[in-house]
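The structure under discussion appears below in the form of structure tokens.
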Amino acid sequence: MNFEAIKAIYVFEMSRFFRTLMQSFISPVISTSLYFVVFGTAIGSRIESVEGISYGAFIVPGLIMLSVMTQATANASFGIYFPKFMGTIYELLSAPVSFFEIVVGYVGAAATKALFIGTVIFVTAHFFVDLPVAHPMAMVAFLLLTCLSFALLGFIIGIWAQNFEQLQLIPLLVITPLVFLGGSFYSVSMLPPIWQTVTMFNPVVYLISGFRWAFFGTADVPIAVSLFAIALFTGACLMVIWWIFKTGYRIKS
Amino acid sequence: MASILSVSDVNKVFEGGHEALKSVSLEIEEGEILALLGPNGAGKTTLISIICGMVNPTGGSVRVGGHDIIDDFREARRLIGLVPQEINLEPFERVLNTVRFSRGLFGKRRDDAKLETILRQLSLWDKKDARIKELSGGMKRRVLIAKALSHEPRILFLDEPTAGVDVELRKDMWQIVRQLKEDGVTIILTTHYIEEAEAIADRVGVISKGEILLIKEKDALMSQMGRKELEIELGAPLDAVPDALAHHALTLSEGGRSLIYSYDTAAERTGITTLLTDVAKAGLVTRDVSTRQSSLEDIFVGLVEDAG
Ligand SMILES: Nc1ncnc2c1ncn2[C@@H]1O[C@H](COP(=O)(O)OP(=O)(O)OP(=O)(O)O)[C@@H](O)[C@H]1O
Ligand SMILES: [Mg+2]
């Protein structure tokens with residue numbers, strides 16, 4: 001195992017992040033505050049509570065998930081796409097590093113950044129609402145797994161993308177809608193029955209539901225199912241990455 | 001001497017069917033400088049890319065320091081430093097940082113003293129905190145070299161290190177290459193410039209259309225294949241080679257002011273003595289005599305044309 005290489009990649013990627021630390025810090029604070037103003041205050045004043053939880057608090061897990069998923073994907077996809085675009089990938093390919101080490105470095109850094117942003121939102125939320133956490137360990141675990149699995153997904157997108165448009169495409173067309181429709185701002189039980197069924201095909205539902213359970217102890221789907229879903233998703237991403245590196249898909253001719 | 005790099009029967013067919021390398025075999029000895037000469041599209045970069053792991057070979061095998069580049073890729077790659085043909089650098093990164101990254105990637109512990117030595121050697125130390133985009137083209141190329149040297153490789157590949165580099169910097173580059181050789185680094189460089197191969201290489205390989213046409217000691221190559229030309233400048237211009245000299249295979253220069261005789265320096269008899277005697281006998285006035293060695297360039301052009 002080439003630990004120095006993992007460290008080098010991780011540190012290099014994180015330094016990009018620290019260079020824009022203020023930006024990385026301020027933007028989630030502002031967007032979270034905006035969500036609270038719009039959803040929590042304006043809409044929340046009409047929706048008293050969802051399943052016995054004040055609407056303002058109810059949306060926090062979804063809000064964190066929304067940011068974490070998009071950030072993890074965006075950071076990881078950019079992280080590996082950029083060397084491809086700049087041509088600096090030659091160095092990764094000619095170094096004594098295994099594909100596993102490359103993935104650990106890039107995905108680890110992207111997941112760390114997403115985790116940082118998730119934490120900032122979590123802290124910011126406390127300024128607006130009372131936020132109980134019923135199962136802190138489960139909360140951390142869900143958060144970590146989500147950062148990791150979406151960073152893996154982002155890595156795949158970054159390898160697959162051949163231009164900047166494609167890089168934006170999947171997050172825009174797939175992830176954002178899935179997250180918005182995944183029960184970030186409502187409970188699945190609020191939907192008409194037919195939509196409840198359709199929603200079950202959205203993997204994000206399981207993540208948000210599980211994460212929300214960690215806060216409030218109630219969930220749309222059983223927690224075990226949520227865990228299984230995220231494990232399945234992570235596994236699928238790992239399989240794809242393994243295949244990419246085995247075949248050299250879009251990185252080696 | 002032991003061969004540090006051994007390429008056997010490597011071929012490469014790119015997607016789309018283009019055969020960029022046709023069964024290339026090559027042995028490189030430790031400590032030598034090999035120059036690979038070849039026209040555009042000959043397959044130089046492809047060969048280097050296969051050895052370094054950026055391109056998968058279609059067939060054949062490569063061993064670096066005895067390690068197979070696929071089965072034993074870590075050991076093989078640790079020995080190699082690569083300076084690519086294109087200037088591939090992240091524009092917003094700082095010099096020292098990107099060199100440090102390279103060292104880490106190759107599994108070496110951070111060692112800023114070592115990096116300082118390398119950067120100083122390449123006259124980049126005062127630029128260590130500059131962003132890449134603030135550097136000139138020649139400096140960027142030196143950053144690429146610094147990155148390649150950061151993990152103290154034993155073999156260095158330089159893919160057209162002096163393309164688009166001015167004369168001054170080219171001389172600097174040669175000096176760096178010679179210094180590296182003294183430090184015991186084996187160097188393989190590709191170039192379009194014959195004088196570059198002449199100036200620094202121990203051996204010269206000529207590659208064209210995916211095939212190695214020749215690979216030889218530079219000196220042997222030049223004396224063996226190098227023909228010399230003898231030019232006899234005449235007192236008065238001629239219209240044609242006189243009959244008395246017809247058996248000497250002479251050519252008349254343009255304007256008829258001189259006779260040109262081509263001969264092989266390695267041959268037992270060059271025929272110069274008889275020629276000069278015959279010239280005198282024919283009653284021609286000789287104003288001057290000069291000889292000229294054909295350059296590597298002539299050899300190179302000849303080879304590539306023959307193969308084409
Ligand atoms: N990724 C690729 N896909 C398809 N064909 C390629 C690829 N890379 C190189 N080739 C082809 O292989 C041949 C050899 O290219 P290569 O870059 O090795 O030449 P070269 O000797 O380095 O030339 P130059 O002196 O111009 O750098 C060329 O015909 C080129 O078009
Ligand atoms: Mg080339």
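Naming convention: chains lettered A, B, ... in sequence-line order (proteins, then strands); numbering from 1 in each chain. In this text the structure is predicted, and so the values were computed from the model without any measurement.
For A:Ile6, no part lies near chain B; criterion is any non-hydrogen pair under 4.5 Å. Only the side chain of A:Phe82 comes within less than 4.5 Å of a heavy atom of chain B; its backbone N, CA, C and O stay farther away. Proximity to chain A is limited to the side chain of B:Leu144, based on heavy atoms less than 4.5 angstrom apart.
Scanning both residues, A:Ile9 and B:Phe101, for their nearest heavy atoms gives CA-CE1, 3.8 Å.
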(request) I would like to know whether A:Arg16 and B:Phe92 meet side chain to side chain contact (heavy atoms under 4.5 Å, CB included); could you show each step before the answer? (result) CA-CA 10 Å; A:Arg16 226 202 288 277; B:Phe92 298 103; over 6 Å; no

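Annotation: side chain of B:Asn88 is not in contact with side chain of A:Met86 (no heavy-atom distance under 4.5 Å). In this structure, B:Leu105 and A:Glu91 have side chains that are in contact, with non-hydrogen atoms separated by less than 4.5 Å. Counting heavy atoms from C-beta outward, B:Phe73 and A:Ser98 have side chains that approach closer than 4.5 Å. A 4.5 Å side-chain heavy-atom check between A:Phe12 and B:Glu90 finds at least one atom pair inside the cut-off. With a 4.5 Å cut-off on side-chain heavy atoms, B:Phe106 and A:Asn2 do not count as touching. Side-chain atoms of A:Ser15 and B:Asn97, non-hydrogen and from C-beta on, do get closer than 4.5 Å to each other.
The one candidate from B:Arg110, B:Lys108, B:Arg109 that meets the salt bridge (charged side-chain N to carboxylate O under 4.0 Å, His left out) condition with A:Glu4 is B:Arg109.
No donor-acceptor pair closer than 3.5 Å links the side chain of B:Arg78 to the backbone N or O of A:Ala95.
Counting heavy-atom pairs closer than 4.5 Å to chain B, the top-ranked of the candidates A:Ser94, A:Ala8, A:Ala5, A:Gly87 is A:Ser94. Between chain A and the options B:Glu93, B:Glu15, B:Lys147, the largest number of non-hydrogen pairs under 4.5 Å is found for B:Glu93.
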